A.B. asks: 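The structure that follows is given in the form of structure tokens.
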Amino acid sequence: MPRPTSRWIAERASVGTSTVRRPDRTTWIVLGRAGADVAVVFLDAEDVELGRRTVGADSWATWAAEIEAGEAVRWVWNDTPRWYAELLAAGTRLARCHDLRLCHAILRDSALVRADADLRVHTDWDATPHADPPAAAPTLFELGAAPDAATGLPEFLDDAVREFARQRTAIDGSTDPGRLRLLTAAESAGALVAVELRAAGLPWDPQAHDRILRGVLGPRPAAGGTPMKLEDAGRRVRAALGDPSANLDSQPKLLRSLHRAGVLVESTSRWELAQYRHPVIEPLLEYKKLSRLLSANGWAWLDEWVHDGRFRPVYVPGGVVTGRWASSGGGALQLPRQLRGAVHADPGWCLVIADVAQLEPRVLAAMSGDRALADAARGKDLYAGIVDTGAVATRAEAKIAMLGAMYGATTGDSGRLVPRLRRTFPRAMALVDDAAREGENGGVVSTWLGRSCPAPSAGWHAAQSLASAVEASGGDETRARRWARDRGRFTRNFVVQGTAAEWALAWMADLRGRLAALDAVPDSDAAPRSGAVFSTRPHLAFFLHDEVVVHAPRERAEAAALAVREAAASAARLLFGDFPIDFPLDLRIAESAQDD
DNA sequence: AGCTGGATTGGG
DNA sequence: AGAACCCAATCCAGCT
């Protein structure tokens, strides 16, 4: 079918009794609320307003789908979860958006943006939504309900139009508009992905989860009961302590019990306990392991977070200062490897599981333009490549040296090995060392695409001034130095971790487009639990910093895997152009995410 | 009763 | 073993 033109759309896009046309030349569509309706403004590429309309809240998803079928547009709105969850529930997928809240946060803090930019003035756009997205996708009936009541963000059309103009001005007047355009587009695409991930869900087999729990803990106890094997371990611990009433769940009480039994640990952490020889150690470590599994990902978690064979966590794009995602509820970013066997494709479907090997050092090589490190990274294993340069003797040394360089280690094996990397990869090491120095001096550093770290707090500055005063005490100086070094380690890591997060956003943004373009599998006994938008073709199902899981009909698995690889290559080009850096993937196609 | 912070352990 | 960066979730203790 030929791609519809915008004129075709203008003639065709009518909803209900009122015809709502999209003018020619439209590039941006800004959304806001107008009572129960959705109000829209059409803008062209030069920000010239082409017209305003309102669309009924009960029909705007259909209208948006028709607009989306035409020439490329970017939807502009205050907060992606508030709008896009509704659209997906109604079966409308969008390709591009501009999330005003997320982009505001980036531009407000970016060192690339002029200090006197209008959007630096504090407004409601600095609000952080405190309400989670709706737990269940809203029904069409609910679309008219005020979607923004809980966010604290401006919700009306003129607010959005004005903020959008401020953001465009800030980008255009910045020291590098190209990078900030990329970053705001990538961040916004990530916002779409996060909503899609939640809507589609991660295919989860509750029976497999239950089998794992039963194997480790014993049969599921009655509500409030203690699983058999946990009870068992607890009994053995109390016997070894000679204290039948010892409380194992309270850290201070457990510590006292251990002391009474002659185990003079300073904490009850696993690594410290493991160094002692005493009959209580083995069962106590076992108890802690089981207790952890039960409380973090036991049957209660399963009941709360898995429904209809899907784990639907809440992702929070931009939730970490570095630009990484955070999660809120469900613990999506902390799923223990132990439970991966519960991640299981639907019948007739499979999983494409891919992660980037050594993402951060590769990003460092590219952003610093360090050819030697890029050469060492060529192929599969960057650490083996470092050994081949002769900088260090073993792969293990290469790894802790590189991690030490990116995290700012100064002591131990890691601190000792970093100087060797400095000789072999001077440009890469200079980049992180410069970032550390800038941070120690109170400065601000930025990622490759222009996300900047927060400025130091007033307390930090005060400590530094105090230490340089004539009457400063030794304690003042020690504290100021420690805080300066702490901040140096933070900024050192910020530039690398943040740029890696940008690479991952670009990877996913490109990937979701490729997956959406794959042929549907209309006759498949497809995965309807992922919702209408995702039930006939491969879709993203999970994301974790440097790893994605795609859920795909079996006959599209190879195509999806190719899309994952091509998207990685595309992300590398988008960020680093022709610089010769590889981002090799560990990729496998399987029915279950269980490690082999 | 509800909040906060510490300790611990899971993830990268 | 940890170190050294970014986190979240849980439980308990201690506070208001």
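Chain A is the first sequence line, chain B the second, and so forth, proteins listed ahead of strands; every chain is numbered from 1. These figures come from a predicted structure and were not determined experimentally.
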A.B. asks: How is A:Thr410 classified with respect to the nucleic acid when contacts are heavy atoms under 4.0 Å: base, sugar-phosphate, or nothing?
C.D. replies: nothing
A.B. asks: May I ask you to list the residues of residues 415-447 of chain A, by number, that have any heavy atom positioned under 4.0 Å from an atom of DNA chain B?
C.D. replies: none
A.B. asks: Under the salt bridge (Lys or Arg N to Asp or Glu O under 4.0 Å) rule, collect the residues that match up with A:Asp109, sequence neighbours excluded.
C.D. replies: none
A.B. asks: Looking at every strand, decide which applies to A:Asn297 at a 4.0 Å heavy-atom threshold: base, sugar-phosphate, or nothing.
C.D. replies: nothing
A.B. asks: Output the rounded distance in Å from CD (A:Gln334) to C1' (B:dG11).
C.D. replies: 6 Å
A.B. asks: Restricting to salt bridge (Lys or Arg N to Asp or Glu O under 4.0 Å), what partner residues turn up for A:Arg437, sequence neighbours left out?
C.D. replies: A:Asp434
A.B. asks: Salt bridge between A:Glu360 and A:Arg324, side-chain N to carboxylate O under 4.0 Å?
C.D. replies: yes
A.B. asks: What is the nucleic acid contact for A:Leu359, judged by heavy atoms within less than 4.0 Å: base, sugar-phosphate only, or nothing?
C.D. replies: nothing
A.B. asks: Can you tell which of C:dA8, B:dG12, C:dA3 lies closest to the side chain of A:Ser327?
C.D. replies: C:dA8
A.B. asks: Restricting to side-chain hydrogen bond (donor to acceptor under 3.5 Å, both in side chains), what partner residues turn up for A:Arg565, sequence neighbours left out?
C.D. replies: none
A.B. asks: Whole angstrom is fine here: how far is it from NZ in A:Lys289 over to C1' in C:dT10?
C.D. replies: 19 Å
A.B. asks: Among the candidates B:dT8, C:dA3, C:dA13, find the nucleotide nearest to the side-chain atoms of A:Gln251.
C.D. replies: B:dT8
A.B. asks: Among C:dA4, C:dC7, B:dT8, which nucleotide has an atom closest to any side-chain atom of A:Thr411?
C.D. replies: C:dA4
A.B. asks: I want to confirm an ordering. Mapping A:Ala332 and A:Arg324 to their closest nucleotides on DNA chain C, which one lands closer to the 5' end?
C.D. replies: A:Arg324
A.B. asks: Atom CD of A:Glu547 to atom C1' of B:dG12: distance rounded to whole Å?
C.D. replies: 10 Å
A.B. asks: Using a 3.5 Å limit on both distances, find every run of at least three consecutive Watson-Crick or G-U pairs that involves DNA chain B.
C.D. replies: B:1-12 with C:5-16
A.B. asks: Tell me what A:Val321 touches on the nucleic acid: a base, only sugar-phosphate, or nothing, going by heavy atoms under 4.0 Å.
C.D. replies: sugar-phosphate
A.B. asks: Counting only side-chain N and O atoms of A:Arg337, is one of them less than 4.0 Å from OP1 or OP2 of B:dG12?
C.D. replies: yes
A.B. asks: Below the 4.0 Å mark, does C:dC5 have OP1 or OP2 next to a side-chain nitrogen or oxygen of A:Arg489?
C.D. replies: yes
A.B. asks: Considering just the side-chain nitrogens and oxygens of A:Ser250, establish if one lies under 4.0 Å of OP1 or OP2 belonging to C:dA13.
C.D. replies: yes
A.B. asks: Given B:dG12, C:dC7, C:dA13, which nucleotide is nearest the side-chain atoms of A:Tyr407?
C.D. replies: B:dG12
A.B. asks: Tell me the interatomic distance from A:Phe542, atom CZ, to B:dG11, atom C1', rounded to whole angstroms.
C.D. replies: 9 Å
A.B. asks: Is there a salt bridge (Lys or Arg N to Asp or Glu O under 4.0 Å) between A:Asp232 and A:Lys229 once you walk through the steps?
C.D. replies: CA-CA 5 Å; A:Asp232 226 46; A:Lys229 295 192 180 183; over 6 Å; no
A.B. asks: I need the CZ-C1' distance between A:Arg340 and B:dG10, as an integer number of Å.
C.D. replies: 12 Å
A.B. asks: Are the charged groups of A:Arg451 and A:Glu187 less than 4.0 angstrom apart, N to O?
C.D. replies: yes
A.B. asks: Can you tell whether the side chains of A:Arg340 and A:Glu547 come within less than 4.0 Å, N to carboxylate O?
C.D. replies: yes
A.B. asks: Please give, in whole Å, the distance from C:dA13 C1' to A:Lys253 NZ?
C.D. replies: 9 Å
A.B. asks: Checking all strands, does A:Ser295 fall into the base, sugar-phosphate, or nothing category for heavy-atom contacts under 4.0 angstrom?
C.D. replies: sugar-phosphate
A.B. asks: Atom CG of A:Leu284 and atom C1' of B:dT8: how far apart are they, to the nearest Å?
C.D. replies: 12 Å
A.B. asks: Quick one: are the ring centres of A:Trp204 and A:Phe542 less than 6.0 Å apart?
C.D. replies: no
A.B. asks: Using the side-chain hydrogen bond (donor to acceptor under 3.5 Å, both in side chains) criterion, which residues pair with A:Ser250? Sequence neighbours excluded.
C.D. replies: none
A.B. asks: Look at A:Arg270 and B:dG10 and indicate whether a side-chain polar atom (N or O) is within less than 4.0 Å of OP1 or OP2.
C.D. replies: yes
A.B. asks: Among the candidates B:dG11, C:dG2, C:dA13, find the nucleotide nearest to the side-chain atoms of A:His545.
C.D. replies: B:dG11
A.B. asks: Return the value, rounded to whole Å, for the distance between atom NZ of A:Lys399 and atom P of B:dG12.
C.D. replies: 10 Å
A.B. asks: Please state whether the rings of A:Phe494 and A:Phe490 are parallel, tilted or perpendicular, taking 30° and 60° as the class boundaries.
C.D. replies: perpendicular
A.B. asks: Taking only the side-chain heavy atoms of A:Asn493 (C-beta and beyond), determine which of C:dA3, C:dC5, B:dG11 contains the nearest atom.
C.D. replies: C:dC5
A.B. asks: For B:dA7, does OP1 or OP2 lie under 4.0 Å from any side-chain N or O of A:Thr268?
C.D. replies: no
A.B. asks: So, A:Glu438 and A:Thr491: side-chain donor and acceptor under 3.5 Å apart, yes or no?
C.D. replies: no
